[in-house]
Structures are given as C-alpha cells and as structure tokens.
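Report on one structure; see the data block that follows.
Computed from a prediction, not measured in an experiment: that's the story for all the values here. Residue numbers start from 1 in every chain, and the chains themselves are labelled A, B, ... in the order their sequence lines are given, proteins ahead of strands.
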Amino acid sequence: MNRLDLTRTRWTNFLIRNRWPQFLIRAITLAGFIFTILAGLLGSVVGSHNFAIIFVWIAWWTALKLFFIPFGGRSWCSICPIPMPGEWIQNGGILQPRGKNFGLGKRWPKFLRGRWLQAGGFMLVGLFGVITLTSPSVTSIVLLIILLLAFVLALVFERRSFCNYLCPIGGFTGLYAQAAPVEVRVKNPEICSTHAQKSCYEACPWGVYPLALKSSANCGLCMECLRVCPSDNLAVNLRPWGSDLGPETKHSLDEAFLGLVMVSSALMDSAIFLGPWGQLKMAAYAIGTGSWFLFAGLFLVIALMLVPGIYTLAVWIANKLGEQKMNLRKALAHQSQVLVPLGLTAWIAFTISFALAKFSYVLPVVSDPFGWGWNLLGTVAKPWVGQSTLTSMLLQVIVLALGLFWSSRVAIKISGSLKQALPMIVFSAMTMVGMLWLLIG
Amino acid sequence: MMEELLSTQEELNHQSLQTKWRLMVLISQCALLILFLPIPLVTPKPIDRLIHIDATSFQFTPAEIKVNQGDRVTIEFVSTDVVHGISIDGYDFQLTSDPGQPVTGTFVASWPGMFRFRCSVACGNLHPFMIGKLWVGPNLILIRGVLLGILAVVAAIFSLKKSKVLKTGKTS
Amino acid sequence: MKKEIIARSLVVFFIIIAISIPFVGRWLISRKQGTIIDLHARTFENGGWSMDTLQTRVGVPIRIRMTSEDVVHGFAIGGYEMIPLEVTPGEFVETTLTFDKPGEYTFFCNRWCSPNHTRMRGIIEVMP
Ligand code: SF4
Ligand code: SF4
Ligand SMILES: [Cu+2]
Ligand SMILES: [Cu+2]
C-alpha cells in the first residue's frame, strides 16, 4: 500500500508522540478561544472591526476548509480547545491519558447516536447564519454555548460524546476526513489480536478501536492510542486522497443525510452571501419576522426535501440499473460517498469566492481586536473593498471541475457498472453546475 | 488527485503506468485549452450606455446588469435611504451617494466576464453582503467551467475504464 | 507529576493573558485618555447618540472621540463653526471644541442615516 508512516521518521514521530507540542498548541487555541469570546462580547459591534467575526468567520473557517480538512482531515480536532476543559476533569489532568474517569461516564443514549444531531446543528447554524456572521456578540454566544455544552456533557457522558454526536464542526470535519490524506491505522493486526488489554481502545477519547478503523470519520487524530500502545503498533499514515471511499467501506443513512445537508448548505450560503438577492439576505437576517419564516421554510424545503429528493431519485434509478439490487435504504447510504468529494469541493470553491475577498480584514483586526481604535502591531490600514478577481474565479472553476472528476470516479468505483454510476454522476454534475452558476454565473 | 488516480492501480505494471501518465497529460492539456484558449468573439459595436442604479439597504436595483465589451457605461447612482456606495470588482470604479442625491460616473467596460459590485460605504449589518452582478459580454468563464465539467466526467470515466480492463486482463 | 503542574500553570497563564488583554488595555487607555469623551453614533432607531448632553464651560476645550456603531453618520453643531465630521463605523475621529459664548448648542448628525435621521441630536451645555 502506498502509505507514508509518519511515526517512522524521527522528528515527525517526536512531534506526534510527545504530548507537549500538541498540548502547547491546544493551550494556545484555548486561550485564543476565550479571547475570541471576550472580543465578541466586549468589543466593537461593528463586525468588520471585531476579532471575533474576522477570526472565526474569515480566518478560522477559511483555514478549516482550505487547509485543515483537505490536508489533514480531522487535524483541527486534534488541536481543538473545545473539549479540553471537560477532558481535563474527566482524566484528572491535562497530560494524562484516559483512565481516571471522573464524571458520571454515562453512555450516550442509543437513539441519539449517529450523525443526525450534528447535521441538525449544522442546519441551525445555516438558518441563523446571517446573524451569526454579522454580529460579534451572537458569534461569541454561540462559541460560549459550544464550550459550556462540551464541558457539561463531558461530566455526564463518557469520552468525547459531544464531539462524536453533537459538534457541528465535528460533523463537517468527520465527513470530509474520509477524503483527506491522513489516517491513524494499526501497523500489524496480528499483534493486536494477541494483545488482550486493548490499551488503545481504553485510551481513545473518541471511543474508537483502532484495529477496527475502516474510515477516518470517527478518529479525531488525537494520537492517544499511539502513546499508550505497548508494542508501538500504530501508524500515522499519509495516504492518497479519498482513500476511505470505495466499494467496500460501510456507510449509514445518517452519513447520507449529513452529506446532503452540507451540499445544500454550500448552495444556500452561496446564494445568500454571494448572490445579488437583497430580499433573501434581509429575510435571512430578520429572525422571527414573517419573511424569516418564509426563508427558513425555503431553506428547510431545499435541505430536507429538494436536494435529498433529487438524490433519492438518482440513487433509485442507479439501483434499478444495477445488476444486484440493494434495498433503497442501503443504496442511499452506500452512494453517500459520492457526496463527500462533491461537498468538500463545493465548500472550497465557496470559500475561495467568499473569504479571499475579505482577507484584508485580518491584519487590521489583529492590531485592533476590539475595534477600540488600538494599533498594537501597526497593521491597521483601511482594508480594500473585497474583490474577487479573475484568478479567484479560475480557481473556483478548477476546484469545481476537480470535484466533479473526483465524485464521478467515486460513483463509478462504488457502482457495478458505468451505467449504474450515471445517475450519481448526473446528480454531481447538477450540483456543480448549480455552484458554478451561483459563484461565477 | 494525481496520487489518488494512481493509488487505485497499485498492481499496475510500469507500462500501464505510462499510459496513465499519457492520459493525464492529454487531459490536462485539454483542460488548459478549455480554460485559456482565446475565443474570437464578434463584439457588437461599443455604445454609450446610461444605467440608473438605486441603492436601498441592502439591495441594488437593478442588481443584475448586462453590457457589451467596450461599452462606455455611465452609471447614475442614487441611494434611497442611507449613504451607500458602489464599487465594481476588478474595475477601478467607485461612487458614493447621499440619500436622494444622484451621482454619476463613467467607465469603459474593457474587461469581459462577470463582476460583482458591492456597496463601498458601511451601511449596516448586511453591508458586506450588499452585492450586485455586472456581466460584460458573454460569460465565457461560465461556459469554460461547464466544458471543463464535461471533460472532468469524461476523464473520470476514462481513467477507471482503462484500469478495469487492465486489471481484469491481468488477473485472468 | 511535575510536568502536569507545569502544564496546568501554562493553561491558566495563557487564559489569564487572554482575559487581561481587554481589561488591562481598557484601563491603560482610559488613564491615558483622561478627559476625552467617548461618543458613539447610532441611528435613532438604535438609540441615537450614546450621550444626550455634554457639558463644558466657556473657553474650556472639550475633546470628543467619536465612532459609529452601524452606518456612516456625521457630526455638526448648530451655531458653531466647524467642518462637519464624518463618523464611520469602526473608525475613530477626534475633535476639540471650544465655545466662547454660553448657552445650549445642538449637535446633530448631518448625514441621512435612517428615516428618523433628523431626530438624531444632542445638546452641549456651555456654562459661563
Ligand atoms: S468534534 Fe468539535 S469539539 Fe470535538 S474536537 Fe472536533 S471541532 Fe472540537
Ligand atoms: S483512534 Fe487513536 S488517534 Fe484516533 S481518536 Fe482514537 S486514540 Fe485518537
Ligand atoms: Cu450599502
Ligand atoms: Cu446619523
């Protein structure tokens, strides 16, 4: 297999295995997180001059989609500060492996398992997206709620229940981590089968048994398993993009739902934030009014009925055309892999169009995080009005075309025949043309 | 992507790898052609245009404007509620209007394509998203994008078809 | 165990820095600013000027630092000669005013900022 094991090189091995580098980054992101919350609450109400808005929605959100996920899968989760306070309490220490298990340690209820809640959370973010994106205090409150919720849930439930079942960011990163070029895997399965203790499973905050890892969706790349394995039997591999997508991997209906929500959200956000339709923007902003309910209705119809409807139709046709018929439920889950490259590239294209135009806001806001007229680093300058130039549009076109290429390949690979793959290719092409039309049409 | 392309055929021998590479090169050449091949277009004779744009928080009316390449476009811009501005991406063009007081500005639409225009004066919460679209000539990049999409599908089909044939050929 | 203590102190230390930046910063600036008055402009619907009345004495300069919280506003004073200021969201303008005659002066926004724009005004009381 064409994998490059990072634990075999000395310095990468050190960076991964030693607790300090990761800990230091997380300590800084935690402080940054708290700083961001304060900035949003205390600082200027003008979004473009507030650290919270610019850092969360321009810098971090962009970095997540253009850097962390495409090159590192769940790499954000490995340095995420949100579960840190809860884990500190759970483990009785910051540098401790799991074990002490302070807190109630309840198991997450069965009926709430899966990615349904994450998809719902992501949809909520979309429904209130315009206000969150423009109001620093709302952004802060959302961050605060996430931080507190993660903490409280860590006391009640075992491990990272919040991450596994609730965190909308986790839904996003987990889904697309399947396409990403990093994985944690067992080096030699035979060693595991003779090791009865399963130290790695005991230590894994995500409740994953590395030997059983088929897809990177649920592995938070926290590297705990690696640190406790007595036989040094875990590898951190660089792998080809899209390795978790194929005919053999198992997928479930909730993944299909999450994937569809993400695709619809990318389309909706492109329409709201980059389209010329003022009415739509205002309706999305005026929460609680009649027009907002109209908007919410439209949003839900698109995200829950229109896009899933077309998808179901495509899968149904594909299933009819195939030689062995699956039941529709299974087919819906199986074909959901096509949504992974599709959604990921749609989001990347959206981000290029949306954020690159606004990147000039980042430096001024570092110098004046609260919008109080400071100039700490001397980088305060009037940001130029965002422009999406020809280069950025070309990039978007290329990214979308690559996405279509990729999702078509996945569709063909997971189908029995080319004929059977066609409906899914058509579905992907429709999504891509939709994105193309919204972004550069 | 290249790696992904190669990964699925790890059992392939050197020769098929070469075909693979050739295919890749061919496809990327096609892609470059689609993206950059200049298309000679007959542009209609440039004319002078006067376009009136109203700005209301947070909407331009009209928000979608079409002109031909080379046209001299004069924009009469007036805000109807608070101070708004207009600036066009990629063009050096900017106007600011106090409510009820029209201002005019002229530019020559020399660059073809789709350009967003945005409000350039902070006018409230949704100001960053106050956007309109200007099309100069036919939107070639959209057409190129669609063609590139078709190429992408063809390439996807080809890249796998080849490998399956080769794979079955090898195992049988 | 020693490492654990270092780690914990580091976390606490970073968080303290994060929290102290806004508070210490605010305190330092308020010390430096001394008598400068902070005046925030908002549309009438959002509350108008953050202060309705400013007070000063004849001949005593009053320094005002203004910023807008929503849209572009202006600042001008009836019966006082000055170039009207532009108050832009997120940015700060400073001005120093000195009055030679006692009385009540009206300061107002001179840019059309909302349907109720004309009601966006306040008073400067100049005492003898
Ligand atoms: S799932 Fe969410 S909270 Fe958990 S590590 Fe990832 S981003 Fe952070
Ligand atoms: S499998 Fe290993 S790296 Fe992945 S979440 Fe579990 S402990 Fe962390
Ligand atoms: Cu405006
Ligand atoms: Cu005003």
Side-chain angles (χ1 to χ4, degrees), chain A residues 1-2 46-48 130-131 133-135 179 181 239-243 246 272-279 281-282 284-285 353 357-358 385-390 393-394 396-398 400-413 418 421 425 428-429 432-433 436-437 439-441, chain B residues 1-8 10 27 31 34-36 56-64 85 87-90 94 111 113-120 122 124-133 139 141-142 144-157 159-161 164:
Chain A
M1 292 223 283
N2 36 9
V46 181
S48 58
V130 179
I131 194 138
L133 227 70
T134 50
S135 159
R239 63 179 191 183
W241 273 278
S243 295
I272 297 170
F273 294 116
L274 298 167
W277 305 292
Q279 295 294 326
K281 296 168 214 259
M282 272 175 299
Y285 185 73
S353 178
K358 301 202 162 8
V385 188
Q387 301 213 330
S388 54
T389 54
L390 186 64
M393 287 197 192
L394 272 178
Q396 293 162 42
V397 168
I398 292 170
L400 288 175
L402 278 181
L404 186 53
F405 171 70
W406 194 355
S407 49
S408 306
R409 273 180 61 96
V410 172
I412 298 169
K413 271 198 265 179
L418 187 58
I425 295 181
S428 310
M432 284 312 177
V433 171
L436 211 57
W437 173 65
L439 294 179
I440 60 165
Chain B
M1 183 202 74
M2 200 188 292
E3 284 87 341
E4 198 244 1
L5 200 93
L6 297 176
S7 78
T8 47
E10 47 233 357
I27 287 170
I34 289 179
L35 278 179
F36 296 110
T56 313
S57 299
F58 301 92
Q59 166 86 56
F60 293 106
T61 332
E64 297 174 76
S87 73
I88 304 177
D89 284 9
Q94 208 268 328
W111 310 106
M114 187 279 281
F115 303 89
R116 287 193 173 80
F117 48 93
R118 302 160 196 268
C119 179
S120 57
N125 292 309
L126 294 185
H127 158 71
F129 309 119
M130 184 165 165
I131 287 172
K133 284 180 172 181
N139 192 356
I141 188 160
L142 181 66
R144 288 177 201 269
V146 171
L147 289 178
L148 200 65
I150 295 173
L151 177 74
V153 173
V154 172
I157 293 172
S159 68
L160 283 174
K161 213 176 176 180
K164 269 190 186 151

Interface moiety of B/T56 toward chain A, non-hydrogen atoms closer than 4.5 Å: neither
Proximal component of A/M282, with respect to chain B [non-hydrogen, under 4.5 Å]: both
Spatial distance of atom NZ (B/K133) from atom CZ (B/F117) [nearest 0.5 Å]: 10.5 Å
Chain A interface, residue from B/I141, B/N139, B/V154 that has the most non-hydrogen pairs under 4.5 Å: B/I141
Gap between atom CD1 of B/I131 and atom CD1 of A/I272 - 0.5 Å precision: 12.0 Å
Contact origin within A/L418 toward chain B - heavy atom pairs under 4.5 Å: side chain
Best-contacting candidate, A/A429, A/G278, A/A284, A/P276, against chain B by heavy atom pairs under 4.5 angstrom: A/P276
Structural part of A/L274 lying under 4.5 Å from a heavy atom of chain B: both
Any side-chain heavy-atom pair of A/M432 and A/S408 under 4.5 Å: no
Interchain contact, B/N125 with chain A, by part (heavy-atom threshold 4.5 Å): both
Side chain / backbone / both / neither for A/Y285 at chain B, heavy atoms under 4.5 Å: side chain
Donor-acceptor pair, side chain of A/K281 and main chain of B/Q59, under 3.5 angstrom: no
Short side-chain to backbone donor-acceptor contact, A/R409 and B/A156, under 3.5 Å: no
Heavy-atom side-chain contact between A/V130 and A/F273 under 4.5 Å: yes
Pairwise distance CE(B/M130) to CZ(B/R118) - rounded to 0.5 angstrom: 12.5 Å
Atom group of A/I440 that falls short of 4.5 Å from chain B, counting heavy atoms: both
